[in-house]
2 protein chains.
Amino acid sequence: MPETDRQREGRQRAPSAKPDGLRERKKRETRQLISNIATKLFTERGFEHVTVDDVAAAANVSKMTVFNYFPRKEDLFFDRSDDVQQLLRDALDSRGRRSPVAALRALAHELVEQRHGFVKMTPGIAGFWKVVADSPALRARTREISEELERDLGRMLAASAGAPEGDPIARLVAALLVGAWRVAFRDALHRQRSARAAISPEVFLELLDHGFTAASAAARGSPYA
Amino acid sequence: MPETDRQREGRQRAPSAKPDGLRERKKRETRQLISNIATKLFTERGFEHVTVDDVAAAANVSKMTVFNYFPRKEDLFFDRSDDVQQLLRDALDSRGRRSPVAALRALAHELVEQRHGFVKMTPGIAGFWKVVADSPALRARTREISEELERDLGRMLAASAGAPEGDPIARLVAALLVGAWRVAFRDALHRQRSARAAISPEVFLELLDHGFTAASAAARGSPYA
DNA sequence: GTCTTAATTTGTACTCGGTATAAAATTGTG
DNA sequence: CACAATTTTATACCGAGTACAAATTAAGAC
């Protein structure tokens, strides 16, 4: 069966140009609606006490549609996670004559200074992570994301230093940095929960800096330090 | 990986006096049988292609019994994982005047020297981790175990230095060490897969030592270094 | 040995996340 | 309107894990 010109055209236009017709708009709206309702339900009742069917029903949509937009249930809560990777990539790309680790340290300080969302400790953020802490599945997903981040950062470091992709030292430095970030972040959350007030980022930065000096020490003699 | 008599004794006597009647013997046998058959099936067909029902049927036992001994399917493959914790605890308890990090470094070198099971790179071990690498669920469980280990080691470090239980520096040092171990171990597996021969542990130790110097650097000024 | 009691095993039925598939509804286009 | 492409839906299924009561089995007393 030979294909018509229109079929060929349609397939070619699909990947690049976004027509932004009624179809795409509705899709985005549906996706957003599902995500919002899911987040609301999860925060109210807890992740494990809300089924995907609940979410679908509350969004007036079938279960299949939910899984059509969000492959796993956890993705309903963790949206927008690869912004971090882009941030790291940019920092490494524009590192100039600084070492990769130094560039990342500068990025961290910038983020804290400008109260970026990743380090801001508002009650909303704390509530978000409370839901995560109460759910084994969400905690597992968090670990998975951490591991992906570690792997990606390792690749970026190796690329930035002109080293082979799997360079163990790059992987090591990435593991140390991501680990330090994790610990510092959890510590900040913990302090914010103990003391009722918002937490000053000095402690966070100090703990994180310990991680950076550790990474530098591990990378001594390599092109990453 | 055969366990020593001292380990088995210590673990069994721990809860209370257990009469070694027919009942307990049968239980141990059943448990062992299930575990063995499961391991065999998983290594043959891959973790995801064997259902718990398959394991139960092959062991002439009901599904409920399987879950009675092993709460989750992953536990059928990951048995005996808290031996590590005991090893770490012993090393820290007998550290004498050395710093906690120094004591752990000594432990690592000892383990490598005496070709302990945790660092031995036999084809069997490599096959084990191949099964893990091919299964998302087992990889997730690996991450979970890593996290538990990190938390426990953090507590042990704090206790060993007389610091409060949640001391962030202890958590940081633990995260750095566990991360370094993970990277070094994966690297060793990778090398063992590329080169066909058994891998000399020098590279593993060198990479791990980078992690220890990193941890020392992060702990400078604290009682851990 | 038998009887009683406690522990273990089993069958059954269920929940929930996730997939496969094909039919139905919706949208874009001529 | 008609037709093709895309999206949504219904339905049926699989596998991990749980709840619960019935059935089996070992331990201990007599």
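Every chain is numbered from 1, with letters handed out A, B, ... down the list of sequences. Please read all numbers here as calculations on a predicted model, not as lab measurements.
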*Just how far, in rounded Å, is P of D/dT25 from CD of B/E24?*
18 Å
*Verify the contact: side-chain N or O of A/Y69 to OP1 or OP2 of D/dT7, cut-off strictly under 4.0 Å; return yes or no.*
no
*For the pair A/F77 and A/F47, name the ring-plane relationship: parallel under 30°, tilted 30 to 60°, perpendicular over 60°.*
tilted
*Does the pair A/E44/A/K40 count as a salt bridge with the N-to-O cut at 4.0 Å?*
yes
*For each nucleotide in nucleotides 14-22 of chain D, reading 5' to 3', give B when a protein heavy atom comes within less than 4.0 Å of its base, S when such contact involves only the sugar-phosphate, and - otherwise.*
-SSBBBB--
*Pairwise salt bridge (charged side-chain N to carboxylate O under 4.0 Å, His left out) hits with a residue in residues 49-59 of chain A, at least two apart*: A/R45-A/D54
*Rounded to the nearest Å, what distance is computed from the CZ atom of residue B/R28 to the C1' atom of nucleotide D/dA26?*
15 Å
*asked:* Can you confirm whether A/H116 is buried at NE2, in the sense that more than 12 heavy atoms of other residues, nucleotides or ligands lie under 6.0 Å from that atom?
replied: yes
*asked:* Tell me the interatomic distance from A/E29, atom CD, to D/dT7, atom P, rounded to whole angstroms.
replied: 15 Å
*State whether B/T65 places a side-chain N or O below 4.0 Å from either non-bridging phosphate oxygen (OP1 or OP2) of C/dT10.*
yes
*Strictly below 4.0 Å, heavy-atom distances to any atom of DNA chain C: list the hits from residues 136-145 of chain A, or just say none.*
none
_Which residues share a side-chain contact (heavy atoms from CB on, under 4.5 Å) with B/A161, sequence neighbours left out_ = B/P223, B/Y224
Pairs: protein N or O with nucleotides 23-25 of chain C N or O, under 3.5 Å:
none

*State plainly whether the residues B/R141 and B/E144 are in salt-bridge range, i.e. N to O under 4.0 Å.*
yes
*Check whether any side-chain N or O of A/N68 sits under 4.0 Å from OP1 or OP2 of D/dT8, and answer yes or no.*
yes
_Within the 6.0 Å centroid threshold, strictly below: B/F204 and B/W181_ = yes
*In terms of side-chain geometry, is the basic nitrogen of A/R186 or B/E150 positioned less than 4.0 Å from the acidic oxygen of its partner?*
yes
*Would you mind checking if B/D167 and B/R171 are paired as a salt bridge, meaning a charged N to carboxylate O distance below 4.0 Å?*
no
*Would you say A/D75 and A/Y69 make side-chain contact, with heavy atoms under 4.5 Å?*
no
*Those residues that, when tested against A/K130, pass side chain to side chain donor-acceptor pair (under 3.5 Å) (two or more places apart)*: A/D134
*Out of D/dT8, C/dT10, C/dT27, which nucleotide sits closest to the side chain of A/K26?*
C/dT27
*asked:* Nearest whole Å is fine: how far is C/dC16 P from A/H49 NE2?
replied: 11 Å
*asked:* In whole Å, I'd like the distance from the CG atom of A/L33 to the P atom of D/dT8.
replied: 12 Å
_d(CG, A/D75; P, C/dG17) in whole Å_ = 14 Å
